[in-house]
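The model shown is predicted, which means the values in this text are computed figures rather than measured ones.
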Amino acid sequence: MKRILVTGIAGFIGSWIADALLRRGDTVIGVDNFNDYYDVSLKRNRVNKFVNKCIIHEIDISNYQKLEQVFVEEPIDQVCHLAAQAGVSYSLKNPFAYEISNNMGTLNLLELCRQNKVPSFVYASSSSVYGANKKVPFSVEDNIDKTISLYAATKRYNELIAYTYHHLFGLQCIGLRFFTVYGPWGRPDMALFKFTKAIFEGRSIDLYNHGKMKRDFTYITDVVDGVLSAMEKNYPCEIFNLGNSTPIELNRFVEVIEKELGRKAQKNLLPLQPGDVPETFADIEKSRKMLDYEPKVKIEEGIKKFITWYKEYYKIPGRQ
């Protein structure tokens, strides 16, 4: 059993990871600022499932003094750093939120790991770091000097500063590039949640790149398996892709949602957004070999599970 600090514990991925760690018997210390980037009640309800089984500090990781107090009060064996200001589009409107949370917050955690001799730091990166990369599938060996969103740039910074702390201080650092994670308790600003809500409410949905964008949609339980495996390994410093390795065109994605809801979507076909990429596609051979990672959930099953949760959570009766 370990004592594990999970940052972003009220987030989509963070809450699933915390629940899985608690189920296997670890002690979880959670940190989250419960900000209002999206519905705070959803965040609180995520942690309500296990709030009595762990310790949660409601603080911002960019506040060094408050974060330092957590390390002083709580013996920590490992950090699983999932907190971040999320969203590519929002980074165009509020870049400073990303600098403060993603960059300063990550630096604070690395420095506190160094000072408190926490040996292992597992952290979230993103498929967005591949940016304008033309080669698919995206490999962790690819050159990624051409990030095209502010969000992606902060995630690349996280990888660079983690490597630096490994090189200088011997901190074990494992970075995980997530590819469009979806499933129950997901984020309201992501496609599956937005599309489902809009179709239920009879509103139109925006399909960028005229619906021809492809995304490597990855179901949450597959991601949890990958994260837990990374946390159990003793690799000195590595980066892994956690994707499904099966890109799905957005038009096809919407078709599956329509079938599950028994409704047709009203579509606004729009050009590609600034900072967005036409396709993501994870090369997961390294993850297979070194993490025993093997995604299992296909898009039809994953969307069905999300919509089942959505109807239960928002108390929507039957098939409408």
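Ion pair Glu279/Lys212 not flagged as a salt bridge, since none of the NZ, NE, NH1 or NH2 atoms sits closer than 4.0 Å to an Asp/Glu carboxylate oxygen. A salt bridge between Arg215 and Glu249 is absent, with no side-chain N of the basic residue lying under 4.0 Å from a carboxylate O of the acidic one. For Glu258 and Arg263, the salt-bridge test fails: no basic side-chain N is under 4.0 Å from an acidic carboxylate O. Salt bridge status for Lys305 with Glu301: present, with a side-chain N to carboxylate O gap under 4.0 Å. A salt bridge links Arg24 with Glu232; the closest basic N to acidic carboxylate O contact falls under 4.0 Å.
A cation-pi arrangement, defined by a distance under 6.0 Å to the six-membered ring centre and an angle within 45 degrees of its axis, is present between Arg114 and Phe169. Within the cation-pi definition used here (under 6.0 Å to the ring centroid, within 45° of the axis), Arg177 qualifies as a partner of Tyr130. Both the sub-6.0 Å distance and the 45° axial angle are satisfied by Lys43 relative to the ring of Tyr38.
Nearest heavy-atom pair, Ile61 versus Ser101, reported as atom, atom and distance to 0.1 Å: CD1-O, 3.6 Å. Counting all heavy atoms, side chain and backbone alike, Met213 lies closest to Tyr208 at CG-O, 3.9 Å. The two atoms that bring Lys197 and Glu201 nearest to each other are NZ-OE2, 2.9 Å, heavy atoms only.
In this structure, Trp185 has its ring center at least 6.0 angstrom away from the ring center of Trp16. Between Phe240 and Tyr293, the distance separating the two ring centers is not shorter than 6.0 angstrom. Residues Tyr219 and Tyr182 place their aromatic rings such that the two centres sit under 6.0 Å apart. In this structure, Phe193 has its ring center under 6.0 Å from that of Tyr310. Side-chain rings of Phe96 and Tyr98 stay apart, their centers remaining 6.0 Å or farther from each other.
Counted by atom type alone, Asp189 and Tyr90 present zero donor-acceptor pairs between their side chains at under 3.5 Å. Judged by distance alone, the side chains of His57 and Glu74 do bring a donor and an acceptor atom under 3.5 Å apart.
Ring geometry for Trp309 against Phe306 counts as tilted: the plane angle lies between 30° and 60°, on a 0 to 90° scale.
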